Protein chains: 2
Amino acid sequence: MSQIESILKNSTLSVTTGRKRILEIFLSSNNALAHQDIESQCADEYDRVTIYRTLQTFLEKGIIHNIPSTDNITRYALCNEACIVSGHHHDNHVHFKCDSCGKTVCLDEVTIPKVQLPKGYTMKEINMVVNGVCKTCR
Amino acid sequence: MSQIESILKNSTLSVTTGRKRILEIFLSSNNALAHQDIESQCADEYDRVTIYRTLQTFLEKGIIHNIPSTDNITRYALCNEACIVSGHHHDNHVHFKCDSCGKTVCLDEVTIPKVQLPKGYTMKEINMVVNGVCKTCR
DNA sequence: ATGATTTTGCAACAAAGTTGCATTCCCTGT
DNA sequence: ACAGGGAATGCAACTTTGTTGCAAAATCAT
């Protein structure tokens, strides 16, 4: 069984050609993808709506996570195994968006430092996004 | 001259009733606002397009800053004076979004800790967003 | 292989954001 | 105070983005 199929099976999802194709696109990309990026790669094969629904399903199953940004474009990236701890997704690495090439990458090696919230606030999830120039654009 | 007018004048913007009204909405709100929030407060007074353009202008002038989020809704908050250092906006406080009431606030008292990026990466801006439950919802 | 269930595509819709242009408003100099 | 030039606004039209219902097709378990 292929890597792609086992990812789907592990999340108790049926294996369809559409899901396999979208997973393949993520696996062959080294940066985070917006809906638009995926659509432009397989709009002739799959419907726009299918892509929306597939991304939604992948999110819920913790196969991908979404990355906050100030430009109002939701980008998704594959979760690595460490992402999913006891069914609950926990992303503790920094995301970097390059102002030059526009690509967003997960900096797996940079962990988000702890912060002390004011009294009364409870933390459930934390995200850190850095903008700047990436190593290939510098 | 009112506080609102001097904010506009300091940014070399002409003082119009629309801009004053939108600034007023920000000043009287203690949380970050999405375009929709503003529209619902003054849709009868000003056109949707005007609100878009005004927010865009305020962003460019550094009067407001936008706050990243994973829910794909751009929210804006007033910059305090510390935000604008030599014309360039620099936001170094943590943002908190409450999962219960949905409000996003600037935690001015919590500064973003330094992080070490991998070799070759240059940092221009850093954002930290915490999700959880705020003190009024707990 | 067959039937139940899930997924997909299509169509239609709703929401969000953009653009061009004519009108109105604001600011400056007199 | 007011006239003229430039900027801001409103309107209409449009594009993009995301959602929903339903029938057809694909997947999975037996």
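Computed from a predicted model, the values in this text were never measured in an experiment. Below, chains carry the letters A, B, ... as their sequence lines are ordered, and counting in each starts from 1.
Regarding A/Tyr52, its OH atom lies at a distance of 18 Å from the P atom of C/dC13, rounded to whole Å. Between the CD1 atom of A/Ile73 and the C1' atom of D/dG18 there is a distance of 14 Å, given to the nearest Å. Distance CD (B/Gln36) to C1' (D/dT17): 15 Å, rounded to an integer number of Å. The separation between B/Lys20 atom NZ and C/dC27 atom P is 9 Å, rounded to whole Å. A straight line from CD1 of B/Ile38 to P of C/dG17 spans 11 Å, rounded to a whole angstrom. Atoms CG (A/Leu13) and P (D/dT27) sit 14 Å apart, rounded to a whole Å. Distance, A/Asp47 CG to D/dA23 C1': 14 Å, rounded to whole Å. Atom CD of A/Glu45 and atom C1' of D/dA26 are 16 Å apart (whole Å).
Listed candidates were C/dT18, D/dG18, D/dT9. Nearest to the side chain of B/Thr16 is D/dT9.
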TODO: Apply side-chain hydrogen bond (donor to acceptor under 3.5 Å, both in side chains) to the pair B/Arg19 and B/Ser14, showing each step before the final yes or no.
DONE: CA-CA 9 Å; B/Arg19 287 175 179 166; B/Ser14 47; 3.2 Å; yes
- [ ] Take A/Lys103 and A/Asp99 through the test salt bridge (charged side-chain N to carboxylate O under 4.0 Å, His left out) and record every step on the way to the result.
- [x] CA-CA 8 Å; A/Lys103 287 183 181 170; A/Asp99 293 328; over 6 Å; no
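For B/Arg48 against C/dG17, a side-chain N or O and a base N or O form a donor-acceptor pair under 3.5 Å.
In this structure, A/Thr54 and B/Val15 both approach DNA chain C, and ranking their closest nucleotides by distance from the 5' end singles out A/Thr54. Mapping B/Val49 and B/Thr17 onto DNA chain D by nearest heavy atom places B/Thr17 at the nucleotide closer to the 5' end. Residue whose closest nucleotide on DNA chain C sits further toward the 5' end, between A/Asn72 and A/Thr12: A/Thr12. Comparing B/Thr50 and A/Glu39 against DNA chain D, the residue whose closest nucleotide sits nearer the 5' end is B/Thr50.
Heavy atoms from other residues, nucleotides or ligands lying under 6.0 Å from CD of A/Glu60 number more than 12. For CD of B/Gln116, the number of neighbouring non-hydrogen atoms (other residues, nucleotides, ligands) closer than 6.0 Å is 12 at most.
Although no hydrogens or angles enter the test, the distance criterion places no donor-acceptor pair under 3.5 Å between the side chain of A/Asn131 and the main chain of B/Glu125.
When the side-chain nitrogen and oxygen atoms of B/Ser14 are compared with OP1 and OP2 of C/dC27, none of them lie within a distance under 4.0 Å.
Using a 4.0 Å heavy-atom cutoff across all strands shown, B/Arg53 reaches at least one base atom of the nucleic acid.
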